[in-house]
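Here's the structure, in structure tokens; my notes come after.
Just so it is clear, the model here is predicted, and its values are computed rather than measured. Here is the naming used below: chain letters follow the sequence lines, and residue numbers restart at 1 for every chain. Hydrogens, waters and symmetry mates are skipped; everything else that's a heavy atom, side chains included, is used.
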Amino acid sequence: MNRLKIREILSRPSQGMPVDVCGWVRSRRESKGIAFIALSDGSCQDTLQLVIPEGSAAFPRLRGCNTGAAVRASGYLRESPGKGQSFEMEVSAMEVFGDADPVTYPLQKKGHTLEFLREIGHLRPRTNTYGAVFRIRNLLARAVHEFFQGRGFVWVHTPIITASDCEGAGDLFSVTTLDHENPPRHEGRIDFSKDFFGARSYLTVSGQLEAEFLSMALGDVYTFGPTFRAENSNTSRHLAEFWMIEPEMAFADLQDDMALAEDFFRFLCRTVAEQGEHELAFLEKQYKTISIAGIRGLGDKPFVRITYTDAVRELGKAAGKFEFPVEWGLDLQSEHERYLTDTVFCGPVIVTDYPRDIKAFYMRLNEDGRTVAAMDVLVPRIGEIMGGSQREERLEVLESRMRAAAISGGSLEWYVDLRRFGSAPHAGFGLGFERLVQYITGMPNIRDVIPCPRAPLSIRF
RNA sequence: UCCCGGGUAGCUCAGCCGGCAGAGCAGGUGGCUGUUAACCACCCUGUCGGGGGUUCGAAUCCCUCCCCGGGAGCCA
């Protein structure tokens with residue numbers, strides 16, 4: 001099929017040349033003697049205006065060109081006398097691949113709520129909102145690789161199925177081939193030694209532990225892949241299946257980790273502001289939850305850094321404003337994080353050195369013995385977008401922390417082993433990809449930044 | 001999982017201290033010589049989320065279940 005994409009046509013319009021375009025009808029407007037079609041092919045935010053005069057051979061085809069129909073149009077490009085677009089295509093011939101019955105096609109020539117569109121997950125990518133979101137998602141995914149590859153990080157593929165059940169990152173989905181009706185039993189309990197892997201296995205909740213051993217060989221590595229949490233979370237910022245990016249650096253401490261996180265985030269903001277301008281402009285205009293200027297600004301401005309202890313002191317000054325208590329040793333609540341990002345610092349904040357007892361066992365114990373070298377990157381509206389730490393590389397300290405957390409060595413023996421052979425300081429963090437997309441696009445609900453959201457009671461598409 | 005708010009036409013919603021089920025948009029038909037979610041006129045559209053109860057009578061009151069949204073927790 002000899003066709004041009006709308007993106008190509010509009011980026012270097014060559015007037016008078018014969019062109020073929022294929023796409024889906026967004027809207028059709030008819031006047032006496034002339035008709036207009038807004039055509040989208042997904043290649044860019046803009047639609048191409050097709051002009052069909054009554055004399056055109058394409059005119060009789062209009063009957064099948066309802067909103068949603070897939071068509072091919074042949075004609076030539078020219079400057080548009082109308083307002084709203086610089087160029088348009090006068091159509092001489094048109095072919096309808098597949099019509100869409102206007103009575104039953106759910107997408108109308110009008111605005112729909114995001115809640116309704118979620119119920120037609122297979123059709124919602126055809127709207128300009130989801131088109132914008134998914135193109136930005138692609139842009140960000142590419143930028144993630146550009147950033148790390150440019151710095152010599154190795155993309156490593158950590159497993160999706162794992163036997164580690166004690167990473168302290170929430171409930172897991174089980175993976176099994178055992179007969180659910182009649183599983184093999186040993187002394188009354190299900191005998192997982194008869195299961196596919198000969199042991200209980202799960203969908204991964206994080207690639208970090210594997211990324212750690214790869215970084216202890218390849219130096220700087222990163223993962224970028226799907227992650228699963230079986231938590232019964234019903235919020236606008238949680239998914240049961242989401243994509244996570246987890247860099248891990250050998251010979252690095254928390255300072256290096258923070259510098260990487262900040263450079264990374266700012267690179268992504270700059271890249272999307274440059275390359276996703278049309279999409280961002282649409283979202284800015286349509287929803288008013290983001291601004292291109294704001295995203296560009298994030299790319300330039302350094303993040304505020306504050307220790308947990310200082311953050312608690314800062315929050316203490318406004319204690320009366322909170323529902324939950326602020327006290328050293330307690331985790332920060334959503335309202336506290338929001339106060340820091342939205343009211344005190346008005347932008348992204350990195351909070352470091354949390355109390356040992358509220359953080360994971362693998363985070364490196366600080367000199368004071370009561371805090372760990374952890375960092376959370378908090379952003380307005382979303383809250384925690386990245387979480388990371390310097391890892392505990394000292395064998396005795398790690399073992400003691402695992403005992404305190406009641407984690408048995410068993411399935412994690414290999415993890416502990418890394419501290420026996422050539423252990424070295426290392427650090428990394430995790431970035432929830434959908435939260436990033438959510439933050440950049442301003443979509444209020446995380447279910448609107450992934451094509452097929454997985455959440456409790458939600459697996460239809 | 002907990003706390004709030006919702007579920008009425010294809011979509012967005014009004015009606016809710018009980019008494020004939022409504023509007024706008026979409027869709028259909030016709031009109032209009034360049035439209036921009038076109039415009040104008042007319043027409044069509046219902047399991048009032050499901051089940052049970054109170055009542056002469058329930059979209060409306062009560063119970064219960066399901067689903068959706070917002071917030072919280074868990075976290076990325």
Nucleotide [N], atom [atom2] - distance to [atom1] of [X] in whole Å:
X	N	atom1	atom2	value
A:I34	B:G34	CD1	P	8 Å
A:F87	B:G34	CZ	C1'	18 Å
A:N232	B:G73	CG	P	15 Å
A:R29	B:G34	CZ	C1'	10 Å
A:E231	B:A72	CD	C1'	14 Å
A:R229	B:G73	CZ	C1'	15 Å
A:L117	B:C68	CG	P	16 Å
A:E88	B:U35	CD	C1'	10 Å

Item to check | Nearest heavy atoms of A:P53 and A:F59, plus distance in Å | outcome: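 Reported closest heavy-atom pair: O-CD1, 3.4 Å.
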
Checklist entry - Shortest non-hydrogen contact from A:Y415 to A:L209? => result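 So the minimum-distance heavy-atom pair works out to CE1-CD2, 3.4 Å.
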
Checklist entry - Looking only at atom C1', what distance separates B:A14 and B:C74, rounded to whole Å? => result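 Between the two C1' atoms, the distance is 39 Å.
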
Checklist entry - For RNA chain B, whose closest nucleotide is more 5', that of A:K359 or that of A:E90? => result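 Result of the comparison: A:E90.
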
Checklist entry - A:V51 or A:F116: which one's nearest nucleotide on RNA chain B is closer to the 5' end? => result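 Closer to the 5' end of RNA chain B: A:F116.
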
Just checking [X]: does its [atom1] atom have more than 12 heavy atoms from other residues, nucleotides or ligands closer to it than 6.0 angstrom?
X	atom1	value
A:R7	CZ	no
A:H278	NE2	no
A:R454	CZ	yes

Checklist entry - Could you give the distance from CG (A:L10) to CE (A:M89), rounded to the nearest 0.5 Å? => result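 One finds 11.5 Å between CG of A:L10 and CE of A:M89.
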
Checklist entry - Between CE of A:M363 and CD of A:Q390, what distance do you get to the nearest 0.5 Å? => result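 Here the rounded value is 11.5 Å.
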
Item to check | Audit row: A:R142, A:E146, salt bridge (Lys or Arg N to Asp or Glu O under 4.0 Å) steps and yes/no | outcome: CA-CA 6 Å; A:R142 202 177 65 196; A:E146 258 170 40; 3.8 Å; yes

If you look at every strand shown and take non-hydrogen atoms under 4.0 Å, does [X] touch a base, only sugar-phosphate, or nothing?
X	value
A:G383	nothing
A:T227	nothing
A:G33	nothing
A:E30	base

Listed nucleotide nearest any side-chain atom of [X], set [options]:
X	options	result
A:N234	B:A72, B:G34, B:C74	B:A72
A:P81	B:G73, B:C11, B:G34	B:G34
A:K32	B:U1, B:U35, B:C32	B:C32
A:F36	B:G69, B:U12, B:U35	B:U35
A:T113	B:A76, B:U12, B:C74	B:U12

Heavy-atom donor-acceptor pair, [X] side-chain to [N] base, under 3.5 Å:
X	N	result
A:R435	B:C75	yes
A:Q85	B:U35	yes
A:S233	B:C74	yes

Next on the checklist: What I want to find out is whether A:R118 reaches A:D448 closely enough, with some N-O distance under 4.0 Å, to be called a salt bridge.
Outcome noted: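 Answer for the salt bridge query: yes.
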
Think [X] has a side-chain N or O under 4.0 angstrom from the OP1 or OP2 of [N]?
X	N	result
A:S236	B:G71	yes
A:N445	B:C68	no
A:S31	B:C32	no
A:R118	B:C67	no

Item to check | Residues forming a ring pair (Phe, Tyr, Trp, His ring centres under 6.0 Å) with A:F147, sequence neighbours excluded | outcome: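 Once residues adjacent in sequence are excluded, the partners of A:F147 under the ring pair (Phe, Tyr, Trp, His ring centres under 6.0 Å) criterion are A:F264, A:F267.
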
Checklist entry - Tell me, which of residues 237-246 of chain A have any heavy atom that sits under 4.0 Å from an atom in RNA chain B? => result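 RNA chain B contact set from residues 237-246 of chain A: A:R237, A:H238, A:L239, A:F242, A:M244.
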
Next on the checklist: If you take any heavy atom closer than 4.0 Å to RNA chain B, which residues from residues 38-49 of chain A end up in contact?
Outcome noted: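 Heavy-atom contacts with RNA chain B come from A:Q49.
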
Which atom pairs link the protein and nucleotides 23-29 of chain B when you take only N or O atoms and keep those under 3.5 Å?
from	atom 1	to	atom 2	distance (Å)
B:A26	O4'	A:Q108	OE1	3.4

Next on the checklist: Taking side-chain contact (heavy atoms from CB on, under 4.5 Å) as the definition, give me every residue that meets it alongside A:I295, ordered by chain and number, with sequence neighbours left out.
Outcome noted: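 Residues passing side-chain contact (heavy atoms from CB on, under 4.5 Å) with A:I295: A:C269, A:V272, A:A273, A:L280, A:I290, A:I440.
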
Please tabulate, one pair per line, all N/O donor-acceptor pairs under 3.5 Å involving side-chain atoms of residues 320-329 of chain A, not counting sequence neighbours.
from	atom 1	to	atom 2	distance (Å)
A:W328	NE1	A:T309	OG1	3.0

Complementary nucleotide for [N] - Watson-Crick or wobble, under 3.5 Å:
N	result
B:G73	none
B:G19	B:C56
B:G5	B:C68
B:G27	B:C43

Checklist entry - Hey, would you say the A:F228 and A:Y202 ring centroids sit under 6.0 Å apart? => result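 No, they do not, as the ring centres are separated by 6.0 Å or more.
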
Checklist entry - Is the closest side-chain heavy-atom distance between A:I450 and A:F242 below 4.5 Å? => result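 SC-SC contact between A:I450 and A:F242 ruled out.
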
